[in-house]
Amino acid sequence: MSTNVLRTADGWWVVRDARAVRVDTKAVTTAELLADRAAIGEAAGSGEAGTPVADLVALSPVTTPCRVVAQMVNYRSHARDSGFTGDVPPTFFRKASGSVSSPGEAIVRPSHVNFLDYEVELGLVMGESLPLGTVVEERDLPSYVAGLVVTNDVSARDVQLTKTQFYESKSYPTFTPTGPYLCLLEPEDFAHLLDLRLRLSVNGELRQDRTLADMIVRPAQALTLLARFQTLDPGDLLLTGTPGGTALKAPPKAVEKIGALLPPAVKWKAFFKTQARNPHYLHKGDVVTATIATPDGRIDLGEQHTPVTDAN
């Protein structure tokens, strides 16, 4: 069975139901923790009563600096929302690891951003190095992926669309809430990945709800494609795409064709004028809740609560 690990300012903890037992380790980084699996096992098997999880303030279980890589348009439902009608080519982009934040930390909207969007995503945390040219089969996943985390690929859509700039639009501080748990998997757990259900709500309203069965490029294939040009190391993070239900959706095809005939400045002004009437973008005071789990609870990455605020 999987083991949930939580990180606080003063150490690492193994979570057992509503209580947590401290891991006796000198590990500071996620990579160092993953190299000390014996200490994790000792905490998991300990007879200690532990500390109530509710009394602990969780930090991101993925420490930085690290590589943060993400897949673009990797769920069929998101592809439909984005206006794709044919095959979607596998595409990756990087995020600054400075965007990684704690699961209860506020998402801060920069003052120049008007269209702030959410994207719940399953994060794969590497447990071993992925050298260039590696071919990963489904049976090989346990050899490379140590565990899973809930992430939110927060996106400044006005920056992303007008600049066609993914790196900036998704890399502002607090734009990758991560955690609360690092869910360490046993080899037999990987057979249940497609049962994982991603859910995200804003102020209690469900916006995203899909299982990994909706995914286009699944983890083993994604790692193989990524290894053509990118190495990964223990503690690095791969975000595997988001399902449909984000605030941003492609305009109708007829409108899109008309927009293509307009000068860029005119096109974007008209587009964002219509987007201003979309109530689903994030605003100060909103609370985003994200979960990823299998229906039977075999794998449960915990619940992420992030309020939204504006930069001063």
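The structure displayed is predicted, hence computed values, not measured ones.
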If we count only N and O atoms by modelled type, under 3.5 Å, do the side chains of Arg94 and Gln230 hold a donor and an acceptor together?
yes
Taking atom CG as the centre, does Asp55 end up with more than 12 heavy-atom neighbours from other residues, nucleotides or ligands that are less than 6.0 angstrom away? yes
Applying side chain to side chain contact (heavy atoms under 4.5 Å, CB included), run through Val202 and Val287 and close with a yes or a no.
-> CA-CA 6 Å; Val202 180; Val287 177; over 6 Å; no
Between the CG atom in Leu185 and the CZ atom in Phe190, the distance rounded to the nearest 0.5 Å is 4.5 Å
(request) Quick one: do Glu119 and Arg157 satisfy salt bridge (Lys or Arg N to Asp or Glu O under 4.0 Å)? Show the steps, please. (result) CA-CA 12 Å; Glu119 295 187 7; Arg157 298 301 192 193; 2.7 Å; yes
(Q) Within the structure provided, determine whether Tyr75 and Leu198 are in side-chain contact (heavy-atom separation under 4.5 Å). (A) yes
So, the side chain of Ser102 versus the backbone of Gly104: is there a donor-acceptor pair under 3.5 Å, distance only? no
Can you check whether Ile292's main-chain N or O pairs, donor with acceptor, with Arg199's side chain at less than 3.5 Å? no
### Any donor-acceptor N or O pair under 3.5 Å, side chains Thr64, Ser97
no
Heavy atoms of Asp17 and Val15 approach each other most closely as O-CG1, 3.5 Å
Review point. For Asp24, does the CG atom have more than 12 heavy-atom neighbours from other residues, nucleotides or ligands under 6.0 Å away?
Key: no
Q) What is the ring orientation for Phe272 with Phe115, classed by angle as parallel under 30°, tilted 30 to 60°, or perpendicular over 60°? A) parallel
**Asked** Distance-only, no hydrogens or angles: does the Gln304 side chain make a donor-acceptor pair with backbone N or O of Gly179 under 3.5 Å?
**Response** yes
Practice problem: State plainly whether one hydrophobic cluster holds both Leu148 and Leu212, where clusters connect Ile, Leu, Val, Met, Phe, Trp and Tyr through side-chain heavy atoms under 4.5 angstrom apart. | Solution: yes
### Short side-chain to backbone donor-acceptor contact, Ser99 and Ala96, under 3.5 Å
yes
For Leu248 and Tyr281, what are the C-alpha separation, side-chain angles and deciding distance, and is it a side chain to side chain contact (heavy atoms under 4.5 Å, CB included)?
-> CA-CA 8 Å; Leu248 178 66; Tyr281 287 104; 3.6 Å; yes
Open item on the list: Is there a side chain to side chain contact (heavy atoms under 4.5 Å, CB included) between Leu225 and Val217? Walk through the geometry before answering.
Closed with: CA-CA 10 Å; Leu225 294 171; Val217 176; 4.1 Å; yes
| query | Could you go step by step and tell me if Arg218 and Glu138 meet the salt bridge (Lys or Arg N to Asp or Glu O under 4.0 Å) rule? | reply | CA-CA 9 Å; Arg218 294 175 180 174; Glu138 292 290 336; over 6 Å; no
- Would you say Ser169's side chain and Gln165's backbone share a donor-acceptor pair under 3.5 angstrom? yes
| said: Using the rule given for side chain to side chain contact (heavy atoms under 4.5 Å, CB included), can you reason through His305 versus Val288, listing the C-alpha separation, both sets of side-chain angles and the distance that settles it, and then say yes or no? | reply: CA-CA 6 Å; His305 295 278; Val288 182; over 6 Å; no
Review point. Would you say the side-chain atoms of Asp236 pair up with the backbone N or O of Asp233, donor to acceptor, closer than 3.5 Å?
Key: yes
Q.
Take a 6.0 Å sphere around CG of Asp87 and say whether it holds more than 12 heavy atoms from other residues, nucleotides or ligands.
A. no
So CD of Gln208 and CZ of Arg197: to nearest 0.5 Å the spacing works out to 12.5 Å
Q: Find out whether Met126 and Leu223 are in side-chain contact, i.e. whether some heavy atom of one side chain is under 4.5 Å from a heavy atom of the other.
A: yes
Subject >> Distance-only side-chain donor-acceptor flag, Thr63 / Thr30, under 3.5 Å >> reply: yes
Practice problem: Kindly determine whether Asp158 and Lys163 satisfy salt bridge (Lys or Arg N to Asp or Glu O under 4.0 Å), including the steps that lead there. | Solution: CA-CA 8 Å; Asp158 29 3; Lys163 294 185 176 183; over 6 Å; no
d(Glu105 CD, Thr178 OG1) to nearest 0.5 Å is 10.0 Å
Check this for me: Glu168, atom CD, are more than 12 non-hydrogen atoms of other residues, nucleotides or ligands nearer than 6.0 Å? yes
Query raised in the report: Donor-acceptor pair, Arg22 side chain versus Asp10 backbone, under 3.5 Å?
Result: yes
Taken to the nearest 0.5 Å, the spacing of Thr3 OG1 from Arg16 CZ works out to 10.5 Å
Exercise for review: Would you check if the side chain of Asp153 reaches a backbone N or O of Glu121 as a donor-acceptor pair within less than 3.5 Å?
Suggested key: no
